[in-house]
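Written below as structure tokens is the structure these notes are about.
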Amino acid sequence: MMSLSYINQQLTIYLGIFLLIIGVIGNGLNIWIFSSTSAYRRTPCTFYFLANSVDNILFIGINLISRVVSIGFNFDLTQTSVYWCRARQYFIAVFGLFSFTCACLTSIDQFLVTSRKVSLRRLSNIKWTHRIVFILIIICCLHGIPRLVFFEISSNSNTCVVTNTVYSIYITVYSLSLTSIGPTIIMIICGYLTYRNIHFIRASVDHQLVKMTLYQVLLVFITITPYGITTSYILITSSMKKDAYQLRNENFALSFVSILCYFYYCGSFYIFFISSNRFRRTMKAKLLFWQRANQIDPLPIVAF
């Protein structure tokens, strides 16, 4: 009978590599389409999509590869290099917070755009969006700095752990509130309000962007909620006495829902492709243009 550690290792290798491939391709196509299409560049919602895609490709390129190598192939640099121990935690904090905040801002933007109040609709403009993203980058970079200080390689367990008790408590609260339960609640509320608004507003609404945003809310709910539930359960029951069998099961469940979260970082392109006809047409036009650019036209036949 296969052990849970072996199953976890195989899942991490095969599912992790699969997610890495579809994530790099999907986010790469998002960046290409949103950055090269003028209509998308002028829209606040799609600019958030663009910024989020850049962040997601960095997140999976650094953290997912590190996870596959460490768990799947038992080569964990965080156990031997304190610099990588701290750097990886820093990247997780910066890229994770930026991604979920961008997703929330997208939902908030669509709520504003579909609002019946003109004053709220005016809050959605591309100039403010550029400023917000710039400020958000600074905040996220500053937010991750304590991880460069408070993480060390434990001499007892030979693992990368936080050494400050207060900051350890903060990381737990932060993980649940800012990168799990909190964004999910915000996006569900804004998604519901947006869905309600489109039935009352008389002004023109870009239903394609609304659908893309609502589908992204669904993606977040499916991929992030299990992690929030599992983490909350482990935190609530941390003071209870548990045998080795229960601890192994909990560790396996936490590892599984953690890698499930990567579907959020890798799946936005496919969600947009399914939900938006215009997005599909734009991608097809881009690909066909690439084909036409490389096509050699036959020479005309001249009759004598």
Side-chain angles (χ1 to χ4, degrees), residues 44-49 51-53 55-56 59 63 92-117 120-121 123-124 128-129 132-133 135-137 139-140 143-144 168-201 205 209-238 250 253-254 256-268 270-272 274-275:
C45 177
T46 50
F47 186 81
Y48 287 130
F49 287 153
N52 204 0
S53 297
D55 178 84
N56 287 344
F59 186 93
N63 296 309
I92 290 175
V94 173
F95 296 144
L97 179 60
F98 184 89
S99 181
F100 283 108
T101 306
C102 263
C104 290
L105 289 171
T106 304
S107 298
I108 294 172
D109 176 77
Q110 286 303 290
F111 161 69
L112 295 175
V113 168
T114 58
S115 174
R116 284 175 287 179
K117 296 182 179 180
L120 290 181
R121 293 202 300 271
L123 293 177
S124 174
W128 273 107
T129 302
I132 290 172
V133 170
I135 294 172
L136 179 60
I137 291 173
I139 292 174
C140 290
H143 173 262
S168 177
I169 297 173
Y170 169 76
I171 288 179
T172 303
V173 176
Y174 152 79
S175 298
L176 290 175
S177 60
L178 297 182
T179 61
S180 179
I181 298 176
T184 305
I185 293 175
I186 292 174
M187 294 183 71
I188 289 175
I189 292 175
C190 290
Y192 168 74
L193 293 175
T194 300
Y195 180 79
R196 189 186 65 174
N197 284 346
I198 60 178
H199 292 285
F200 296 101
I201 189 172
V205 176
L209 291 182
V210 172
K211 286 181 64 178
M212 292 167 71
T213 304
L214 293 178
Y215 272 63
Q216 187 183 52
V217 173
L218 181 63
L219 176 66
V220 171
F221 178 77
I222 293 174
T223 57
I224 304 302
T225 302
Y227 176 81
I229 294 174
T230 304
T231 305
S232 300
Y233 167 78
I234 293 176
L235 181 64
I236 293 172
T237 61
S238 59
E250 290 182 359
L254 182 60
F256 178 76
V257 296
S258 295
I259 200 167
L260 181 66
C261 291
Y262 282 94
F263 276 99
Y264 159 70
Y265 296 99
C266 302
S268 61
Y270 309 97
I271 289 296
F272 299 155
I274 293 171
S275 61

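Nearest heavy-atom pair, N52 versus A103, reported as atom, atom and distance to 0.1 Å: ND2-N, 4.0 Å. G228 and S180 get closest at one heavy-atom pair: CA-OG, 3.1 Å. In plain terms, the two heavy atoms of T179 and I224 that are nearest each other are O-CG2, 3.9 Å. Here the closest heavy-atom approach between residue Q110 and residue C45 is recorded as NE2-CB, 3.4 Å. What you find for P183 and L178 is that their closest heavy atoms are CG-O, 3.0 Å. The minimum heavy-atom distance between V210 and T114, with the atom names listed, is CG2-CG2, 4.1 Å.
Summarising the local packing, CZ of F256 is surrounded by 12 or fewer heavy atoms from other residues, nucleotides or ligands at distances under 6.0 Å.
Side-chain atoms of S99 and N56 include a donor-acceptor pair closer than 3.5 Å.
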Worksheet item: Should I189 and F111 be marked as a side chain to side chain contact (heavy atoms under 4.5 Å, CB included) after you check the CA-CA gap, both sets of side-chain angles, and the distance that decides it?
Response: CA-CA 10 Å; I189 292 175; F111 161 69; over 6 Å; no

Worksheet entry | Working for side chain to side chain contact (heavy atoms under 4.5 Å, CB included), residues Y264 and F100 | CA-CA 10 Å; Y264 159 70; F100 283 108; 3.9 Å; yes

Fill in: Worked verdict on C102 versus L136 for side chain to side chain contact (heavy atoms under 4.5 Å, CB included)
CA-CA 9 Å; C102 263; L136 179 60; 4.2 Å; yes

Fill in: Worked check of side chain to side chain contact (heavy atoms under 4.5 Å, CB included) between F221 and I188
CA-CA 8 Å; F221 178 77; I188 289 175; 3.6 Å; yes

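Remark: side-chain polar atoms of T172 are paired, donor with acceptor, to backbone N or O of S168 under 3.5 angstrom.
Proximity of D109 to T106: side-chain heavy atoms (C-beta onward) are nowhere separated by under 4.5 Å. The shortest side-chain heavy-atom distance between Y48 and I132 falls under the 4.5 Å cut-off. Using a 4.5 Å heavy-atom cutoff, the side chains of I236 and Y233 are not in contact.
To the nearest 0.5 Å, atoms CE (M212) and CZ (F49) are separated by 5.0 Å. Annotation: the span from L120 atom CG to I108 atom CD1 amounts to 12.0 Å, rounded to 0.5 Å. Between the CD1 atom of I181 and the CG atom of L176 there is a distance of 5.0 Å, given to the nearest 0.5 Å. Taken to the nearest 0.5 Å, the CD1 atom of I222 stands 7.0 Å off from the CD1 atom of I271. With values rounded to the nearest 0.5 angstrom, Y227 atom OH is found 10.0 Å from Y262 atom OH. The CG atom of N63 sits 12.0 Å away from atom OG of S258, with the distance rounded to the nearest 0.5 Å.
For Y265 and F95, the distance between ring centers is not under 6.0 angstrom.
Ring geometry for H143 against Y174 counts as tilted: the plane angle lies between 30° and 60°, on a 0 to 90° scale.
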